[in-house]
Protein chains: 2
Amino acid sequence: MDTVDESLKQHGLRLTPARRQIVEILMNHAYALSQHEIEQKLTLEADRVTVYRTLLTLIEVGLVTKILDERGQRFLLCRGEKKAENAHFKCTDCGHIEAIENSIVLPVALPQGYVLQNHNVLITGTCAVCNENKP
Amino acid sequence: MDTVDESLKQHGLRLTPARRQIVEILMNHAYALSQHEIEQKLTLEADRVTVYRTLLTLIEVGLVTKILDERGQRFLLCRGEKKAENAHFKCTDCGHIEAIENSIVLPVALPQGYVLQNHNVLITGTCAVCNENKP
DNA sequence: ATTTTTCGTGCAACAATGTTGCAAATTTAA
DNA sequence: TTAAATTTGCAACATTGTTGCACGAAAAAT
Ligand SMILES: [Mn+2]
Ligand SMILES: [Mn+2]
Ligand SMILES: [Zn+2]
Ligand SMILES: [Zn+2]
């Protein structure tokens, strides 16, 4: 049983072709994918609602997390313990989105009486690759 | 000529009823409004496309900035020099969104070769008012 | 291995938001 | 007051999110 199946089993999910392939796709990408991008990378035929619900399920069990983009949401595998605690960087040139490791985003000083639940940080700019190609 | 008209003039925009009222609405709110919320607060009749384009224009000239929400974008007046450099807080109870003054969010240490352009920080949690009402 | 139960999927349908083209109306400049 | 430039309303379409329900597939029970 491979890593994908183990992950699904560990989270109490049934092994279905759609789940297997979606998790595998997310495993093979270091940056966050939109639902549409995931659909395009699927070799099997899956309805977009299936992809939608599969992602909901994966988030619910903690396998996947999402971040907010200008146009909708983007999904990526939870690595390690942290969910979306990292800031994410989106290159305005190539469009790739990646988690920024070691990014110190929080704690932010919230006003008195406020309680923190979650946060979403998207930083835009240009990545190293794109900056090299056009100096 | 009131503050609204001055702002519009200063940014080289024509004075139209829609622009006047939309800017006024944003001036009277400390938190970010969705396009739909703005529409609802208008007393004059304006097509949603007009609101859409008006907001685009206001952002383009620097009068307004937007932040990303789970469901679309939210708009607020630019105060002072800073655009959306502040973090924004959204209460999951009452839904209000406000800029967090004095929030130290950046600089985030970006990897070598990366260039920063902008950032968007949305923090979710519960606000002081909501926490008082339900302790 | 077969049945039963539980869960996942496809399809249809709808909601919300974003986006564009174009003609009519409005604002500003001449 | 007229002409030029800009803004608006309307129609139309795209994208994404969301739900109900009947059917199919996976896991559990027998
Ligand atoms: Mn798509
Ligand atoms: Mn609306
Ligand atoms: Zn890039
Ligand atoms: Zn609140």
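Residue numbering restarts at 1 for every chain, and letters A, B, ... go by the order of the sequence lines. Here the structure is a predicted model, which is why all the values come from computation and not from measurement.
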Nearest-Å distance, [atom1] ([X]) to [atom2] ([N])?
X	N	atom1	atom2	answer
A:H36	C:dT17	NE2	C1'	17 Å
A:K66	D:dT16	NZ	C1'	12 Å
A:D69	C:dT17	CG	C1'	15 Å
A:L33	D:dT16	CG	C1'	16 Å
A:L55	C:dG8	CG	C1'	14 Å
B:D47	C:dG18	CG	C1'	13 Å
B:Q21	D:dT8	CD	P	12 Å
B:I59	C:dG18	CD1	P	10 Å

Co-membership, hydrophobic cluster, residues A:V64 and A:L56, 4.5 Å side-chain: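 Different clusters: A:V64 never reaches A:L56 through Ile, Leu, Val, Met, Phe, Trp or Tyr contacts under 4.5 Å.
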Indicate, with yes or no, if A:L15 and A:V51 share a hydrophobic cluster defined by side-chain heavy-atom contacts under 4.5 Å among Ile, Leu, Val, Met, Phe, Trp and Tyr.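 Yes, A:V51 connects to A:L15 through the hydrophobic network.
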Students often get this wrong, so: under 4.0 angstrom with heavy atoms, is A:T54 touching a base, only sugar-phosphate, or nothing?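 It contacts sugar-phosphate atoms only.
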Select base, sugar-phosphate, or nothing to describe what B:E45 touches, counting heavy atoms under 4.0 Å on all strands.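 Answer is sugar-phosphate: B:E45 comes under 4.0 Å of backbone atoms only.
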Check: A:T126/A:N131 side-chain N/O donor and acceptor closer than 3.5 Å: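 There is such a pair between these side chains.
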Ion pair check, A:E60 and A:R53, cut-off under 4.0 Å: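 So A:E60 does not pair with A:R53 through a salt bridge.
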What are the atom names and distances for every N/O pair under 3.5 Å that joins the protein to nucleotides 26-30 of chain D?
from	atom 1	to	atom 2	distance (Å)
D:dA26	N3	A:R14	NH1	3.4
D:dA27	OP1	A:L15	N	3.0

Is any side-chain nitrogen or oxygen of A:Y52 closer than 4.0 Å to OP1 or OP2 of D:dT16?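 No, no such contact exists.
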OP1 or OP2 of D:dT16 sitting under 4.0 Å from any side-chain N/O of A:Q35?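 No, because none of the side-chain N or O atoms of A:Q35 sits under 4.0 Å from OP1 or OP2 of D:dT16.
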Among the candidates C:dT20, D:dT7, C:dC11, find the nucleotide nearest to the side-chain atoms of B:R19.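 Selected nucleotide: D:dT7.
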Which nucleotide in the set D:dT19, D:dT8, D:dA12 lies at the smallest distance from any side-chain heavy atom of B:R48?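 The listed nucleotide nearest to B:R48's side chain is D:dA12.
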With distance as the sole criterion, do the side chain of A:R53 and the base of C:dG10 form a donor-acceptor contact below 3.5 Å?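 Yes.
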Give a yes or no answer on whether the side chain of B:E37 reaches the backbone of B:S34 with a donor-acceptor pair at less than 3.5 Å.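 Yes.
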What is the minimum heavy-atom distance between B:L76 and B:A32, and which atoms define it?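 The answer is CB-CA, 4.0 Å.
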Toward the 5' end of DNA chain D, which comes first, A:L56 or B:G12, by nearest nucleotide?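 Residue closer to the 5' terminus by nearest nucleotide: B:G12.
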Would you say A:L13 and A:R19 make side-chain contact, with heavy atoms under 4.5 Å?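 Yes; the side chains approach each other to less than 4.5 Å.
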